[in-house]
Amino acid sequence: MLQRANRELQSDQLNPQLWRDLDRAFRRARNSLWDASHWSLPELSAYCEAALFVTDDGSGLYPDQGPLELLLREAADLALEHSELYSGPELEQIVSTWLVQDGERDRAHARLVRATHAYRDAPRGLAQLETLRARLEIDSGDLAAAGAAIERGLLAATREELIAPAPTPLRGWLESARLAWFARLGLPDHATQALERVRAEFTRWLALADPDPECERVRAQLIFDENTVDLASDRHERVVERTTRAIESSVDPAERAQLRATLAEALIELSLDHEARIGDALASVESCLAERPPNDPAAARLLAHCANLHRRRGEFDSARSALAAARASADEVGGDRVAIALAGAALARATDAPRADLEACLSDVEAQFDALLEEWAAAPQRSDGIGFLCYGDRRALLCESIALRLRLDGEQRAAQATFASLARVHECGSLHRRLELEPAGDGTRIRSVLCGASRGLVIVLPGSEQSFVLALDADGARIVERPAWRHWRALQRQWVALLTTAPNDALERPRRAAEIARVGSMLREVLLPPAVLELLKRWDEVGVVGWEWIGYLPFESLPVDDSAFGLRWGVYYLPSLTLGRAIAERAVRELSGARVLAAPATPSAALARGWAWDEILWSPRREAALRDLWSDTMVRTGAAATLAALRELCDGSAAVLEIEAHGFYDVESVPPAGFALASTATHDGLTHASDLSGITAPPLVVLAVCGAARGPLRSGDDGLAHLGGAWLGLGADCVAIAAADLRQSSAEALIDVLYSNLRTEGSSVALAARAARRARAAEDPFERDLVHIVGFGPRTVAVQRRAGQLAWIAAGVVGALGLGIALYLRRAR
């Protein structure tokens with residue numbers, strides 16, 4: 001019987017009668033001896049392979065075998081006890097998937113942990129199990145464990161490829177899991193790159209594989225992965241078109257259900273932009289619910305969406321019914337409690353619910369927010385940061401708690417609670433964790449350090465249904481609800497395009513200036529409403545928090561009272577509240593030197609990539625002026641401006657480091673922004689953030705580098721994705737940086753006025769930058785406002801007067817002492 005079973009299994013066929021005989025023999029042996037220890041390994045293997053074959057078979061030839069799920073679970077348990085069995089990992093995948101579908105995630109996780117240990121010497125099976133484990137960890141929120149599982153799986157896949165060169169889709173499935181991981185981390189650019197790898201791996205395998213049931217699974221997964229990337233990148237129309245086609249051609253019920261859920265998510269997002277599409281979204285959600293099994297955890301999220309859509313149409317009774325069903329589903333089989341909390345809070349506010357109901361909603365929202373922060377604190381650190389407030393529910397929870405607190409507690413208490421929540425959010429930031437900064441606590445100490453009588457913070461928090469602007473100083477606060485980000489995001493992009501593209505000729509300048517003023521005024525109404533501007537009137541310095549949430553937007557150019565924001569206030573951009581506190585509490589370093597690295601040469605590595613740059617002409621006259629201004633100046637130019645020279649110049653004795661070089665953006669590097677120094681025998685001159693490791697930054701770093709602030713959008717992270725974040729991570733207090741291209745003469749003129757105010761006036765960096773903008777006020781905004789201060793702008797660079805000035809001061813002191821002594825002696829007589 002065993003020989004017949006092996007022979008038939010090798011031919012991909014199994015006679016139903018043979019299977020029944022094999023199963024009865026096994027059960028008799030098990031019942032009589034309580035285990036199968038007297039069966040030989042080939043017999044156990046044949047039984048497990050036959051169980052797997054029967055489970056995968058769709059012919060209906062085995063109707064009398066009872067529930068196949070029980071059969072397969074028994075075979076999987078047996079295989080786990082005898083890890084030499086080749087079919088064990090495949091059996092374990094099916095059983096663990098069933099457990100997940102039944103809502104028993106803990107049991108599935110425990111099985112997978114045991115199985116990955118048991119099958120560590122079977123690379124193909126291990127790669128499959130690690131893929132499933134990574135998916136499970138992503139869903140449960142343990143992103144560090146998910147990343148580790150993916151890396152272990154990729155190593156196992158490499159081992160399998162060395163052992164068995166025959167094509168398999170193993171690596172494609174692992175890259176697909178990594179794509180989902182990147183999307184959950186808030187890294188849509190990395191997810192896009194992973195999608196290219198998924199396509200390459202699956203396409204290669206599909207071209208070489210014989211017809212196989214897995215081929216259809218692979219093609220379906222490609223669609224799911226493309227949808228994941230497009231949803232993370234707000235390309236919802238593409239998701240609708242692709243998913244609609246896939247639903248029409250799909251014959252697998254489970255696949256169709258997943259596609260319908262994706263379609264519903266995309267239509268919901270589109271309905272936020274176009275209310276006319278709410279009906280389409282609602283119909284899609286209800287269609288999706290009709291196909292879901294009653295114990296499906298995804299039903300709770302869909303019902304919460306249904307409640308939101310009814311609420312937006314003013315159908316409050318239907319919204320309440322859908323919300324009640326969502327809560328019942330979550331209580332019974334689990335589900336997305338974040339979506340339920342958000343739907344409940346929005347409905348309570350829309351219907352003017354009693355205070356007790358609003359308080360219950362606030363408690364629910366904040367409990368989900370706490371769980372999200374706990375999850376994000378466990379996310380792995382990355383050299384280019386992560387986006388911990390990137391998408392959807394993450395910012396929505398924070399915005400909803402603000403809206404509820406405004407109703408319940410009033411403006412001042414709501415502002416303080418919001419500030420404390422944001423400080424806790426910033427503890428999850430990459431720079432915070434890399435520098436091992438102190439916990440935020442309730443935010444009181446941070447506020448006292450960062451705010452003062454003449455300075456405060458403006459915090460912008462964009463949301464999917466409403467945004468908020470929070471302004472606060474040591475004495476007061478304003479918090480104002482604004483339109484959803486999607487309603488002013490197009491304005492932002494238009495304005496930035498106007499500012500960062502210089503006019504073609506003198507005739508275009510007036511038209512460009514008028515358009516900049518028009519669009520800027522509209523943005524000012526959103527970002528700086530009257531209540532906020534009224535509080536700002538008593539400040540000199542403004543720290544802007546939220547650049548990383550809304551993308552690049554130069555506040556300096558916003559029109560205010562026939563002037564510009566950057567001409568009225570000293571503006572700086574604070575990547576995070578906790579980082580700002582850490583810098584503000586550092587001891588001021590008594591330093592006076594300046595270090596300058598000017599690299600006019602184009603490295604050969606840049607020429608090889610086809611990067612053509614204009615020559616940077618270093619001026620000896622400017623060098624002389626810098627030497628006169630700073631008591632200790634060191635300059636490296638041309639071929640001497642190398643990475644080794646940069647390390648030499650960062651000797652700990654300088655107050656300022658200036659790098660004047662061409663910038664580049666290399667998508668393969670992490671982070672992608674870099675600058676070009678002179679090449680040497682050991683370095684090609686193309687300097688990335690990773691090349692700066694081990695350098696100690698001076699208090700102020702000035703990057704006269706085109707696009708140094710460019711980076712992939714990490715909405716909500718603390719700025720580590722660009723070169724400014726790299727220098728802050730190396731110990732700088734402030735970084736002067738540009739996201740756009742700079743003109744050398746304009747940038748140098750601006751920087752020199754900044755230096756002069758730092759040295760001769762003792763100004764803070766933010767106020768010195770304001771003085772520089774005022775000195776260049778006649779320039780157009782794209783010449784005047786494109787260098788920004790990132791870090792703690794109120795920081796001063798210690799003033800050390802030049803020798804001539806010190807001599808005059810010493811002479812005055814001696815004269816005063818002499819006069820005092822003479823008067824004393826005269827009185828003594």
Side-chain angles (χ1 to χ4, degrees), residues 431-432 434-438 445-446 448-450 452 455 541 543 570 572-597 626-636 645-659 692-704 718-720 723-737 751-752 754-769 771-772 787-803 805-806 809:
L431 278 172
H432 178 101
R434 174 179 291 188
L435 298 175
E436 299 180 346
L437 303 181
E438 292 182 35
R445 177 177 156 201
I446 296 178
S448 67
V449 169
L450 297 183
R455 70 171 186 258
E541 297 168 309
Y572 63 98
Y573 299 88
L574 199 59
S576 79
L577 299 175
T578 53
L579 178 64
R581 179 192 66 187
I583 297 174
E585 292 181 338
R586 289 174 186 165
V588 175
R589 289 174 272 182
E590 295 292 332
L591 304 168
S592 61
R595 304 289 183 263
V596 180
L597 203 71
L626 289 174
R627 292 186 183 279
D628 183 57
L629 184 66
W630 299 93
S631 61
D632 173 20
T633 301
M634 297 173 62
V635 179
R636 299 288 183 272
L646 174 60
R647 292 186 175 278
E648 175 195 348
L649 292 180
C650 292
D651 58 1
S653 64
V656 174
L657 168 68
E658 177 184 325
I659 299 175
L692 306 177
S693 176
I695 289 177
T696 299
L700 174 62
V701 175
V702 177
L703 298 177
D718 50 11
L720 191 61
L723 283 172
W727 283 103
L728 290 172
L730 294 169
D733 297 338
C734 293
V735 182
I737 195 168
I751 290 167
D752 288 345
L754 183 147
Y755 287 161
S756 178
N757 277 269
L758 289 175
R759 293 290 290 152
T760 62
E761 303 297 328
S763 298
S764 69
V765 177
L767 293 179
V787 175
H788 314 286
I789 304 302
V790 176
F792 185 60
R795 174 66 80 186
T796 57
V797 175
V799 177
Q800 181 176 344
R801 300 185 183 275
R802 294 189 291 275
Q805 293 172 312
L806 290 174
I809 293 171

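FYI, side chains are in, hydrogens and waters are out, and symmetry mates aren't considered; it's all heavy atoms of this structure.
- Within the 4.5 Å cutoff, no side-chain heavy atoms of Tyr572 are placed close to those of Val765.
- Of all heavy-atom pairs between Gly725 and Leu431, the closest is O-CD2, 3.7 Å.
- Residue Ile751 comes nearest to Glu658 through the heavy atom pair CG2-OE1, 3.9 Å, listed as atom of the first residue, atom of the second, then distance.
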I would like to know whether Val588 and Arg795 meet side chain to side chain contact (heavy atoms under 4.5 Å, CB included); could you show each step before the answer? CA-CA 8 Å; Val588 175; Arg795 174 66 80 186; 3.1 Å; yes
Yes or no on side chain to side chain contact (heavy atoms under 4.5 Å, CB included) for Thr760 and Leu629, after CA distance, side-chain angles and deciding distance? CA-CA 9 Å; Thr760 62; Leu629 184 66; 4.3 Å; yes
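- In plain terms, the two heavy atoms of Trp630 and Ala655 that are nearest each other are CZ3-CB, 4.3 Å.
- Residues satisfying the side chain to side chain contact (heavy atoms under 4.5 Å, CB included) test with Thr696, not counting sequence neighbours, are none.
- Under the side chain to side chain contact (heavy atoms under 4.5 Å, CB included) criterion, Val787 pairs with Ala736, Leu742, Leu750, sequence neighbours left out.
- When side chains are defined from C-beta on, Leu700 counts as touching Leu758, because their heavy atoms get closer than 4.5 Å.
- Nearest heavy atom pair, residue Leu597 against residue Ala645, reads CD1-CB, 4.0 Å.
- Counting heavy atoms from C-beta on, the side chains of Leu626 and Val635 never come closer than 4.5 Å.
- Interatomic distance, CD1 of Ile737 versus CD1 of Ile659, reported as 10.5 Å (0.5 Å rounding).
- Between Ile789 and Leu754 the shortest side-chain heavy-atom distance falls below 4.5 Å.
- For the side-chain contact (heavy atoms from CB on, under 4.5 Å) test with Leu574, the passing option among Leu579, Val790, Leu450 is Leu450; the others fail.
- Distance check: Leu649 CG to Leu657 CG gives 7.0 Å after rounding to the nearest 0.5 Å.
- Side-chain contact between Arg759 and Val797 is absent, with no heavy atoms from C-beta onward closer than 4.5 Å.
- Considering CD of Glu761 and CG of Leu767, their distance stands at 11.0 Å, rounded to 0.5 Å.
- Considering only heavy atoms from C-beta on, Asp632 comes within 4.5 Å of Ser653 through its side chain.
- Every residue two or more places apart in sequence or in another chain that forms a side-chain hydrogen bond (donor to acceptor under 3.5 Å, both in side chains) with His432 is listed here: Thr578.
- Residue Gly694 comes nearest to Arg647 through the heavy atom pair C-NH1, 4.3 Å, listed as atom of the first residue, atom of the second, then distance.
- Using a 4.5 Å heavy-atom cutoff, the side chains of Leu728 and Val701 are not in contact.
- Residue Leu692 holds its CG atom at 7.0 Å from CG of Leu723, rounded to the nearest 0.5 Å.
- Minimum interatomic distance between Glu541 and Ala766 (heavy atoms only, all atoms of both residues): OE2-CB, 4.0 Å.
- Side chains of Arg586 and Phe792 form no contact here, defined as non-hydrogen atoms less than 4.5 Å apart.
- From Ser576, atom OG reaches atom CZ of Arg581 across 9.5 Å, with rounding to the nearest 0.5 Å.
- Rounded to the nearest 0.5 Å, atoms CG (Asp733) and OG (Ser764) are 12.0 Å apart.
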